[in-house]
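One structure is given below, encoded as structure tokens.
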Amino acid sequence: AGVKEDSFNVLDLAEYTKNRPWWRKIFAPSSGSSAEKYNVATQLVIGGVTGWCTGFIFQKVGKLAATAVGGGFFLLQIANHTGYIKVDWKLVERDVNQAKQQLKFHSSGNKMSPEVKSRVDEVIIFLKKNVILTGGFAGGFLLGMAS
């Protein structure tokens with residue numbers, strides 16, 4: 001009995017993308033500027049919609065987090081007052097003072113590590129190249145926070 005060999009077609013993506021400019025536009029590494037790909041109105045719409053969604057979600061999560069922290073603090077106070085738990089306030093004060101000292105020490109140097117500085121520089125370059133998209137995002141974010 002003969003074994004039937006299946007033949008497979010191999011797709012070379014490098015050759016495929018050379019012949020199809022639309023594929024190259026979508027998946028080619030870009031310079032980071034959306035101004036090359038989209039017109040001003042499209043950039044504003046994309047930035048505005050993503051900004052509004054982000055702002056809306058940020059607002060909802062922020063309210064939930066504030067409620068959880070406030071409620072947790074309230075429950076701890078009730079438990080402390082009724083005697084269920086005992087808080088060592090001297091230990092809390094000592095830890096808070098240590099945290100303050102560390103913050104003063106780190107903020108007095110005022111120097112960023114090279115990794116953080118390079119990331120900040122990358123973000124600044126991206127924002128400069130995509131001013132319209134960033135502006136739309138900022139406006140949408142504020143609207144999302146307000147709604």
Side-chain angles (χ1 to χ4, degrees), residues 8-147:
F8 294 100
N9 290 332
V10 177
L11 177 62
D12 184 6
L13 286 179
E15 287 299 317
Y16 187 75
T17 57
K18 285 180 187 174
N19 299 329
R20 296 189 173 50
W22 61 270
W23 185 276
R24 208 173 344 170
K25 278 184 186 178
I26 294 172
F27 294 107
S30 69
S31 63
S33 175
S34 62
E36 301 165 356
K37 296 181 186 176
Y38 305 109
N39 61 18
V40 173
T42 306
Q43 289 182 57
L44 281 174
V45 169
I46 291 172
V49 169
T50 56
W52 184 86
C53 291
T54 305
F56 187 76
I57 291 170
F58 190 81
Q59 175 201 29
K60 296 299 180 186
V61 169
K63 282 182 182 178
L64 181 67
T67 303
V69 169
F73 184 72
F74 182 69
L75 288 175
L76 282 175
Q77 288 296 333
I78 290 174
N80 183 37
H81 182 70
T82 56
Y84 282 105
I85 61 171
K86 189 76 174 158
V87 178
D88 187 356
W89 289 110
K90 289 185 183 199
L91 181 62
V92 170
E93 184 179 359
R94 187 190 74 193
D95 289 345
V96 168
N97 286 335
Q98 282 180 349
K100 283 182 186 177
Q101 291 300 325
Q102 285 183 345
L103 284 174
K104 285 180 186 175
F105 175 73
H106 288 302
S107 64
S108 65
N110 228 0
K111 293 183 179 178
M112 287 190 282
S113 68
E115 299 88 22
V116 173
K117 186 167 178 17
S118 68
R119 291 292 178 195
V120 168
D121 290 342
E122 284 179 25
V123 169
I124 290 172
I125 290 169
F126 177 81
L127 293 178
K128 284 181 180 177
K129 284 186 177 181
N130 298 293
V131 173
I132 296 169
L133 186 71
T134 304
F137 181 85
F141 182 80
L142 293 175
L143 286 174
M145 289 291 290
S147 59

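Numbering of residues begins at 1 and proceeds along the displayed sequence.
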Next item on the list: List the steps, then state whether side chain to side chain contact (heavy atoms under 4.5 Å, CB included) holds for Lys60 with Phe56.
Entry: CA-CA 6 Å; Lys60 296 299 180 186; Phe56 187 76; 3.5 Å; yes

Item checked: Partner of Leu133 by side chain to side chain contact (heavy atoms under 4.5 Å, CB included), out of Ile46, Leu44, Val45 -> Ile46

Item checked: Between OH on residue Tyr84 and CG on residue Leu76, distance to nearest 0.5 Å -> 14.0 Å

Item checked: Considering all heavy atoms, the nearest Gln59-Met145 contact -> NE2-O, 3.3 Å

Checklist line | Any Phe73 side-chain heavy atom under 4.5 Å of Gln77 side chain | finding: yes

Margin query: For a 4.5 angstrom cut-off between non-hydrogen side-chain atoms, does Trp52 reach Val49?
Written below: no

Check: When rounded to the nearest 0.5 angstrom, what is the spacing between CD in Gln43 and OG1 in Thr134?
Finding: 9.0 Å

Check: Would Glu93 and Lys90 pass as an ion pair if we require N to O under 4.0 Å?
Finding: no

